[in-house]
Amino acid sequence: MSKLSVDLKKIISHSKEYGYIFPSSEIYDGLSACYDYGPFGVELKRNIKDYWWRSMVKSRLDVVGLDSSIFMHPGIWKASGHVDAFNDPLIDNKDSKKRYRADQLIESYIEKLNSKIEKEVKKAHKRFGDKFDKDQFLQTSVRAQDYLNTITKTTKLMNQYLIEEDYGSLKKLIEEIGIVCPVSGTKNWTDIRKFNLMFSTKIGSVADQATDLYLRPETAQGIFVNFLNVQKTARMKVPFGIAQIGKAFRNEIIARQFIFRMREFEQMEMQFFVRPGEEMKWFDYWKKERIKWHKKIGFSENVLKFHDHENLAHYANAATDIEFKYPFGFKELEGIHSRTDFDLRSHEKHTNKKLQYFDSELGESYTPYVIETSIGLDRMFLAVLCQSYTEELVKENTRIVLKIPPILAPIKVAILPLLKKDNLPEKSKDIYNKLNNFFSCYYEEKDSIGKRYRRQDALGTPFCVTVDHETLDNNSVTLRNRDTMDQVRISIDDLIIQLNNKLSF
RNA sequence: GCGAGUGUAGCUCAGGGGUAGAGCAUCACCUUGCCAAGGUGAGGGUCGAGGGUUCAAAUCCCUUCACUCGCUCCA
């Protein structure tokens, strides 16, 4: 096992030990790729959401929020392209262990036959010179006719089987035409299985009258179908954005790497509607805005990078990812996509309802173009954990610290009596009650003071307030910094102001 | 789905036919005057599940389940 995955392993077990993340359904042996957020995980997650919502919605005049439902009309997923585009027949080669899409295997086979025909044509052209008639050749050449017939027949059968979802026959077809695996060169294929990205379920209490529907695979569509509702009621003018935080569900073929790729996950999305033709300007604008956001909470230059897409999705005309350097490499954390007017237009087509905006400045109506920023909340959570987890040597002992940015930390301040006697606990609890109105606090009196500091370090608490005998004399406490372990003595009255300075957005 | 690996205490793991173990963690009491691991005691396990071999199985055999890693996909 590589050193990198050892790091991830440490983070996973630390997350569990300190109440951040538990494996789902653990006492039933777990459920693959599902995780639960524990008492401190849920706080960190909430703080990340707040940080995003504040900067994307609260601090801007041109973006408003939305919380659309997870269940939506099944027609939406037809319009968005999810029903057709993510419904693949998959087949494995048992020798090379490679997985392919069955239809793509057959298509590349047809491609090969086509190039063989081309070769024949070229050869014949050489032979006959200028008098060469391509159509005539194709009709008379036995070999070319053979290829053409096979292509026609194979294409027809493939399409028929795909539509009927007759995967048994589709496999037979692959075997009959003798397709081999490009890697192993063998015909040792598994059966074809259908893979569907979306989870389906039923709504309605009577089974046979129930309507099939899907759990949403992205939050974006809830925004698109509410475009006019939001624009009109919040009286927004293009350019403007709609933001949403919510769960999404994808039946990933393989879900791995802890909370990086889960089947149930949470997205923080914003769709920004702009005038047609101005999309690249806004695409660049949001690229800059979003990278600024990441840097503001302390992600450094060398753990972030843009990754521009070469192959664009069916709806996009430009796309980039912000990648974060996880222990398993640079991976997508956030996507910024120029989605054109694909979604709005597609919903118009499917509903026969106008989804246009009248631009009073231009004096015309149009379907806005859309720039999407979409960040995985769980991926952000993991990025924060990976960035924060540190082990350092202090007097030949390992100190494990979660250097979580203070504004994101689940617990902001721990209040600790130096000793569990002499009225120190009582005094500490007074301070706890006072501070807890402003920050999330933690009170602890067990074990030696050093041990308690280390425990708070491991939990990621940025500040410890220690109450000692001097506190009883002059109302002063020590304030300890998690990252430097430095302590300053300050008056209790100054605590709230000082902490506020360090903990505000 | 295929391949490999792993399942023993809350965590990290040892033990490989003969009474279930260690360190850390937890709880109680004592100790403790600022950076983890001081003392005494206690709780906690049908050794992933089912079956087989055996006088005897955590240990050997078979089956099964779950997780982890790799491969294909990722709006």
Side-chain angles (χ1 to χ4, degrees), chain A residues 1-2 4-5 8-10 12-14 16-19 22-34 77 80-82 85-86 88 90-101 104 181 183 188-193 195 197-198 217-221 248 250-258 260-261 265 267 269 309 311-316 319 321 328 331-332 335 337 339 342-343 372 374 376 394-400 416-422 424 446-458 464 466-470 477-478 480 482 485-487 489:
Chain A
M1 181 165 292
S2 72
L4 293 177
S5 33
L8 184 64
K9 257 185 148 175
K10 276 187 180 170
I12 293 170
S13 59
H14 190 85
K16 192 185 167 198
E17 197 175 347
Y18 285 88
F22 309 127
S24 163
S25 319
E26 199 184 6
I27 61 170
Y28 284 87
D29 282 333
L31 184 63
S32 182
C34 294
W77 306 113
S80 69
H82 285 83
F86 298 97
D88 306 332
L90 299 175
I91 189 165
D92 295 323
N93 183 274
K94 289 180 188 167
D95 298 311
S96 65
K97 318 287 180 218
K98 291 285 173 192
R99 169 167 294 175
Y100 303 93
R101 270 176 55 179
Q104 283 177 351
C181 169
V183 176
N188 194 3
W189 298 107
T190 64
D191 285 343
I192 297 173
R193 292 169 317 276
F195 174 74
L197 169 111
M198 290 191 287
E218 64 174 16
T219 51
Q221 297 306 325
R250 292 182 196 177
N251 206 357
E252 302 284 353
I253 300 174
I254 209 76
R256 287 287 159 78
Q257 264 123 1
F258 197 35
F260 182 81
R261 185 172 293 123
F265 61 103
Q267 293 183 306
E269 283 200 329
H309 285 211
N311 300 323
L312 297 170
H314 58 276
Y315 55 72
D321 291 339
F328 39 85
K331 296 279 170 171
E332 176 181 359
H337 296 169
R339 292 184 78 130
F342 173 87
D343 297 279
E372 165 188 273
S374 171
V394 177
K395 288 186 195 159
E396 291 171 31
N397 288 312
T398 310
R399 184 172 85 115
I400 295 176
L416 315 168
L418 185 61
L419 297 171
K420 199 174 142 187
K421 62 178 184 191
D422 301 339
L424 296 182
K446 268 188 193 17
D447 296 314
S448 74
I449 188 69
K451 214 165 176 180
R452 278 176 279 162
Y453 285 149
R454 293 300 169 85
R455 207 149 44 215
Q456 294 303 323
D457 290 341
C464 289
T466 308
V467 175
D468 55 20
H469 292 90
E470 207 182 321
V477 291
T478 57
R480 173 188 183 267
R482 174 195 66 198
M485 298 198 287
D486 289 340
Q487 282 178 293
R489 182 162 279 278

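Residue numbers start from 1 in every chain, and the chains themselves are labelled A, B, ... in the order their sequence lines are given, proteins ahead of strands.
- Under the salt bridge (Lys or Arg N to Asp or Glu O under 4.0 Å) criterion, K331(A) pairs with no residue, sequence neighbours left out.
- With sequence neighbours left out, the side-chain hydrogen bond (donor to acceptor under 3.5 Å, both in side chains) criterion links R482(A) to no other residue.
- At whole-Å resolution of the value, NZ in K10(A) and C1' in rC13(B) are 16 Å apart.
- When the P atom is compared between rG70(B) and rG52(B), the two are found 39 Å apart, to the nearest whole Å.
- With C1' as the reference atom, rA14(B) and rG38(B) are 27 Å apart, rounded to whole Å.
- Comparing the P positions of rG15(B) and rU59(B) gives an interatomic distance of 15 Å, to the nearest angstrom.
- By the side chain to side chain contact (heavy atoms under 4.5 Å, CB included) test, T466(A) is found to be paired with L418(A), I449(A), Y453(A), T478(A), Q487(A), residues two or more places apart in sequence or in another chain being considered.
- Rounded to whole Å, the separation between the C1' atoms of rA49(B) and rU6(B) comes to 16 Å.
- For K9(A) and rG70(B), the NZ to P distance is 12 Å, given to the nearest whole Å.
- Residues that satisfy the side-chain hydrogen bond (donor to acceptor under 3.5 Å, both in side chains) test with E470(A), not counting sequence neighbours, are N474(A), R489(A).
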Please list, for nucleotides 25-36 of chain B, all pairs of protein and nucleotide N/O atoms separated by less than 3.5 Å.
from, atom 1, to, atom 2, distance (Å)
rG33(B), N1, H469(A), ND1, 2.6
rG33(B), N1, H469(A), NE2, 3.4
rG33(B), N2, H469(A), ND1, 2.6
rG33(B), N3, H469(A), ND1, 3.4
rC34(B), O2, Y453(A), OH, 2.6
rC34(B), O2, Q487(A), OE1, 3.1
rC34(B), O2, Q487(A), NE2, 2.8
rC34(B), N3, Y453(A), OH, 3.4
rC34(B), N3, Q487(A), NE2, 3.4
rC34(B), N4, D468(A), OD2, 2.8
rC35(B), O2', R454(A), NH2, 3.0
rC35(B), O2, R480(A), NH2, 3.2
rC35(B), N3, R480(A), NE, 2.7
rC35(B), N3, R480(A), NH2, 3.4
rC35(B), N4, R480(A), NE, 3.2
rC35(B), N4, M485(A), O, 2.8
rC35(B), N4, Q487(A), OE1, 3.4
rA36(B), OP2, R454(A), NH2, 3.1
rA36(B), N7, N397(A), ND2, 3.0
rA36(B), N6, N397(A), OD1, 2.1

Between M485(A) and R480(A), is a side-chain contact (heavy atoms from CB on, under 4.5 Å) present by the stated rule, with each step listed?
CA-CA 6 Å; M485(A) 298 198 287; R480(A) 173 188 183 267; 3.5 Å; yes

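- For R455(A), the salt bridge (Lys or Arg N to Asp or Glu O under 4.0 Å) criterion is met by E444(A), D447(A), not counting sequence neighbours.
- S24(A) meets the side chain to side chain contact (heavy atoms under 4.5 Å, CB included) test with L31(A), C34(A), D36(A); sequence neighbours excluded.
- Look at the C1' atom in both rG3(B) and rG18(B): the space between them is 38 Å, to the nearest Å.
- Separating the CZ atom of R261(A) from the C1' atom of rC71(B) is a distance of 13 Å, rounded to the nearest angstrom.
- A salt bridge links R339(A) to E218(A): one of the charged nitrogens lies within less than 4.0 Å of a carboxylate oxygen.
- Atom NZ in K16(A) sits roughly 13 Å away from atom P in rU68(B) (whole-Å rounding).
- A search for salt bridge (Lys or Arg N to Asp or Glu O under 4.0 Å) contacts involving R454(A) returns nothing, not counting sequence neighbours.
- When the P atom is compared between rC60(B) and rG7(B), the two are found 12 Å apart, to the nearest whole Å.
- The ring pair (Phe, Tyr, Trp, His ring centres under 6.0 Å) check on Y18(A) picks up H14(A), with sequence neighbours excluded.
- For F260(A) and rC73(B), the CZ to C1' distance is 13 Å, given to the nearest whole Å.
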What's touching nucleotides 64-67 of chain B from the protein side, N or O pairs under 3.5 Å?
from, atom 1, to, atom 2, distance (Å)
rA66(B), O2', D29(A), O, 2.1
rC67(B), OP1, S32(A), N, 2.2

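- At distances below 3.5 Å, not a single donor-acceptor pair connects side-chain atoms of R250(A) with backbone N or O atoms of R261(A).
- Straight-line distance between the C1' atoms of rA75(B) and rC71(B): roughly 22 Å, to the nearest whole Å.
- Comparing the P positions of rA42(B) and rG21(B) gives an interatomic distance of 14 Å, to the nearest angstrom.
- Not a single salt bridge (Lys or Arg N to Asp or Glu O under 4.0 Å) links E332(A) to another residue, sequence neighbours left out.
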RNA chain B base-pair string [pairs: Watson-Crick or G-U under 3.5 Å; |: paired with another strand]
((((((((.[[[[.)..(..]]]].(((((.......))))).....[[[[[..)....]]]]])))))))....

